[in-house]
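A quick write-up on the structure given underneath.
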Amino acid sequence: PQLAPHGTASNLRFIRMTCKVLVALSYKSVVVALWSKCPPIGMESHRIEDDQILASSMLRHGLGAQRGRLNMQAGSNEDDFFDGAWCAEDDSRIQWIQVDTRRTTKFTGVITQGRDSLIHDDFVTTFYVGFSNDSQNWQMYSNGYEEMLFYGNVDKDTPVMTEFPEPKVARFIRVYPLTWNGSLCMRLEVLGCPLSSINHYYSLQNEVVTSADNLDFRHHDYKNMRQLMKVVNEECPTITRIYNIGKSSRGLKIYAMEVSDNPGEHELGEPEFRYTAGIHGNEVLGRELLLMLMQFLCKEYKDGNPRVRSLVTETRIHLVPSLNPDGYEIASQMGSELGNWALGHWNEEGYDIFENFPDLNSILWAAEERKWVPHRVPNHHIPVPEHYLAEDAAVAVEVKAIMAWMEKIPFVLGANFHGGEKLVSYPFDMARPASENEVAPPTPDHAIFRWLAISYASAHLTMTETFRGGCHTQDTTSGMGIISGAKWRPRAGTMNDFSYLHTNCLELSIYPGCDKFPHESELPQEWENNKESLLTFMEQIHRGIKGVVSDQQGDPIANASISVGGINHDVLTASGGDYWRILNPGEYRVTAKAEGYNPSVKTCSVFYDIGATQCNFILSRSNWKRIREIMAMNGNRPIGRPMTGPLAGRGRKKKEWQWAAGRLAYLGDPQPISHSDWQHCWN
């Protein structure tokens with residue numbers, strides 16, 4: 001073969017590796033590829049549209065050519081309109097599946113996979129490949145003497161890459177299955193480099209976008225991830241801090257990057273925000289998006305971008321790119337194309353980290369049925385069950401670390417990134433059993449969650465383009481790109497539900513793309529798709545009300561509850577007495593309460609412009625605690641004397657209060673008891 005124009009050298013040594021010829025230069029430690037493998041053209045990521053995929057036949061509509069994408073997942077009911085592969089109608093004639101790239105393309109290989117199914121075991125074992133420039137005249141791939149036969153799959157799930165010994169240039173590519181296991185079914189991806197631009201008649205969706213932002217658009221393993229975070233920290237030491245929230249099952253540290261104008265400290269009145277990713281190790285796009293976001297915030301802050309500077313100075317941002325580093329290391333060994341749908345999904349111990357949190361929903365709903373909320377069971381900050389905290393409890397070490405992190409920092413808003421879909425999911429994730437002829441109620445913050453979800457989906461470049469359908473089935477979001485988790489994919493013990501019921505934080509799940517592990521060439525496009533959404537969602541933390549709860553001496557009151565009329569879900573103040581409550585625009589009656597203090601009520605207005613309304617509370621001390629002590633001394637019976645004569649009948653409670661106040665004074669209690677305190681105690 002002829003050498004590519006990379007210079008000359010003597011003493012050349014040729015090494016054959018997986019259908020590639022590499023040149024080793026003896027005087028230099030450089031290995032130069034004579035031709036490089038091209039990236040995927042976008043079958044899995046849906047950059048290739050349905051009408052670009054054609055087949056000779058289909059067994060039925062649910063097994064049409066458009067279902068032949070790599071890693072396509074079958075619907076919940078197999079044998080419906082959304083099955084897990086392309087399947088041919090019969091075996092009586094030559095069958096094929098073809099892809100139109102809409103431009104001249106250098107094809108370097110294909111990746112094949114069998115049918116996604118719990119019932120069937122269908123996959124192609126051998127096949128031929130053909131090429132065409134007009135879809136009419138086809139040239140079969142040949143070794144110079146005969147048509148070359150390629151070997152495919154040995155099971156239905158594992159992708160197999162077939163690289164052509166030499167690339168072929170054409171517009172169309174066809175795969176002709178020859179032998180198969182079970183029925184003739186397959187999924188595939190095509191590897192190709194564009195050599196010309198797309199005809200303007202066609203959609204620009206096929207184009208690979210190059211971003212104007214100078215970021216590191218590569219995949220980063222654990223070592224490179226740490227190095228990149230270190231570089232960002234060194235470039236912006238005054239606004240960034242690296243820390244870890246714990247360790248994985250294998251002992252890898254779970255690193256976080258804090259971005260703030262005063263890193264390392266919680267500033268009074270400044271809300272805490274978090275983005276997390278990689279909770280499933282093979283869902284990699286979110287991981288890379290957060291690494292890009294770190295770089296972007298640093299660069300734009302230094303360049304004086306007013307929007308970024310406002311975010312950084314008014315928000316304490318926490319970015320965790322990999323909650324499951326063990327899973328990522330497993331998935332990354334196979335790379336972006338050859339890992340199947342589940343490889344690296346779980347942690348080292350086999351737990352799905354996202355679904356390993358305590359089920360607090362069942363506790364709340366059972367209490368609501370018994371009318372125990374909020375008198376015996378609170379509507380917020382529900383305690384973790386003791387059995388979950390036992391030493392032998394089936395809890396992932398990563399989950400324990402995440403829970404401790406949530407307890408330590410008063411987060412207000414957050415989102416976790418997943419993959420394989422393109423939508424935003426909001427709580428509840430667990431489906432509440434509904435009685436007959438009754439719809440299960442959503443969260444008390446349903447309208448707020450929808451606002452937050454829409455803020456991300458609507459700013460995404462393609463998430464609301466649901467006319468193309470979902471990644472694997474029809475659009476389930478009613479054209480909006482958002483859906484309740486319980487309606488879409490119900491499950492118990494999720495991170496989102498736990499965050500809502502145990503902390504102040506409103507948390508959602510973001511699914512930014514159909515491809516869980518996109519090729520590096522796709523990362524600039526994915527960054528452009530998500531950049532505006534990432535910023536817009538963070539800005540929503542400054543919508544609603546905020547303030548400080550203090551006593552009459554100005555001392556902060558921690559753990560005071562903030563109740564909003566019409567929303568049966570409270571939040572608590574942080575250690576400095578500050579609080580944040582995300583609310584949609586409107587006028588609200590807000591109550592601040594704390595143990596040992598009289599409650600305070602205010603009307604607070606929320607406007608459409610970004611910027612939380614300041615709503616502070618000053619609470620006066622009450623004699624609740626002292627009253628309860630005296631009642632306990634009296635056997636929890638009313639403290640009053642026998643009601644006879646003028647004390648009986650009308651005014652009894654007031655007379656009792658006067659008597660109790662005098663009794664407290666007689667006992668040496670210096671704090672006067674108010675009539676409202678006594679009336680509350682009486683009731």
Side-chain angles (χ1 to χ4, degrees), residues 357-389 403 406-407 410-412 426-450 484-487 490-507 544-545 549 557-574 579-584 588-602 617 619 622 624-625 628 636 679-683:
F357 288 80
D359 171 18
L360 303 183
N361 303 60
S362 297
I363 297 174
L364 175 66
W365 296 338
E368 287 180 344
E369 289 179 2
R370 293 171 172 82
K371 310 297 182 184
W372 288 355
V373 178
H375 306 292
R376 296 178 63 178
V377 176
N379 62 17
H380 62 97
H381 289 79
I382 299 172
V384 176
E386 292 185 5
H387 67 83
Y388 188 88
L389 301 174
M403 289 173 60
M406 290 178 171
E407 296 273 8
F411 289 110
V412 179
Y426 56 87
F428 284 128
D429 287 326
M430 184 175 176
R432 181 172 185 171
S435 58
E436 191 174 349
N437 300 323
E438 182 179 311
V439 178
T443 66
D445 285 291
H446 181 70
I448 298 165
F449 274 123
R450 285 181 59 83
S484 162
K487 180 181 178 181
R491 43 196 166 169
T494 68
M495 182 175 175
N496 292 347
D497 287 0
F498 174 80
S499 178
Y500 182 63
L501 295 177
H502 187 70
T503 76
N504 287 343
C505 187
L506 304 182
E507 182 144 11
I545 61 174
V549 179
I557 302 176
N559 293 318
S561 66
I562 305 297
S563 305
V564 178
I567 303 177
N568 189 27
H569 184 81
D570 302 347
V571 299
L572 298 181
T573 56
Y579 78 91
W580 307 263
R581 186 59 165 101
I582 298 177
L583 295 169
N584 286 338
Y588 299 91
R589 186 174 174 83
V590 184
T591 304
K593 295 176 290 187
E595 183 71 23
Y597 295 88
N598 295 313
S600 177
V601 181
K602 281 187 176 182
F617 292 89
L619 304 186
S622 72
W624 266 68
K625 184 176 180 180
R628 287 173 176 168
N636 287 324
Q679 195 168 26
H680 201 123
C681 182
W682 179 286
N683 294 332

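Predicted model, so just to flag it, every value in this text is computed and none were measured.
Residues Y579 and N504 are not in side-chain contact: their nearest non-hydrogen atoms beyond the backbone lie 4.5 Å or more apart. The side-chain heavy atoms of I567 and L583, taken from C-beta on, include a pair separated by under 4.5 Å. At a threshold of 4.5 Å between non-hydrogen side-chain atoms, the residues T494 and S499 do not count as touching. A heavy-atom distance below 4.5 Å is found between the side chains of L572 and H380. Counting only heavy atoms from C-beta outward, the side chains of Y426 and D445 never approach each other to under 4.5 Å. Looking at V384 and F498, their side chains come closer than 4.5 Å, going by heavy atoms from C-beta outward. Taking 4.5 Å as the limit, every side-chain heavy atom of R370 sits out of range of all side-chain heavy atoms of V377. The shortest side-chain heavy-atom distance between V564 and R581 falls under the 4.5 Å cut-off.
Here the shortest heavy-atom pairing between I363 and P385 reads CD1-CG, 3.6 Å. Contact record, W365 with A431: CZ3-O, 3.9 Å, taken as the closest heavy-atom pair. V373 approaches A367 most closely through the heavy-atom pair CG2-CB, 3.7 Å. Minimum interatomic distance between S600 and L619 (heavy atoms only, all atoms of both residues): CB-CD2, 3.4 Å. In terms of heavy atoms, L364 sits closest to P378 at CD1-O, 4.0 Å. The two residues V549 and A560 come nearest to each other via the heavy atoms CG1-CB, 4.0 Å.
Proximity of a side-chain donor or acceptor of H569 to a complementary backbone N or O of Y500 within less than 3.5 Å is detected. Side-chain atoms of N496 do not come within 3.5 Å of backbone N or O of D429 as any donor-acceptor pair. In this structure, T573 contributes its side chain and N559 its backbone to a donor-acceptor pair below 3.5 Å. Formation of a donor-acceptor pair under 3.5 Å by the H502 side chain with backbone atoms of H381 is not found in this model. With hydrogens and angles disregarded, a donor-acceptor distance shorter than 3.5 Å links the side chain of N379 to the backbone of D570. Of the possible donor and acceptor atoms, one in the side chain of D497 sits under 3.5 Å from a partner among the backbone N and O of M430. With hydrogens and angles disregarded, a donor-acceptor distance shorter than 3.5 Å links the side chain of D359 to the backbone of S362.
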Checklist entry - Checking side chain to side chain contact (heavy atoms under 4.5 Å, CB included) for the pair Y588/I545: CA distance, chi angles, key distance, verdict? => result CA-CA 10 Å; Y588 299 91; I545 61 174; 5.8 Å; no

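The local environment of CZ in R491 is crowded, with over 12 non-hydrogen atoms from other residues, nucleotides or ligands closer than 6.0 Å.
Atom CD1 of I557 is separated from atom OH of Y597 by 4.0 Å, given to the nearest 0.5 angstrom. E368 contributes atom CD, which lies 4.5 Å from atom CZ of R432 (distance to the nearest 0.5 angstrom). The structure places OH of Y388 at 5.0 Å from CE of M403, a figure rounded to the nearest 0.5 Å.
A side chain to side chain contact (heavy atoms under 4.5 Å, CB included) with V412 holds for exactly one of I582, V571, T503, L506; it is I582.
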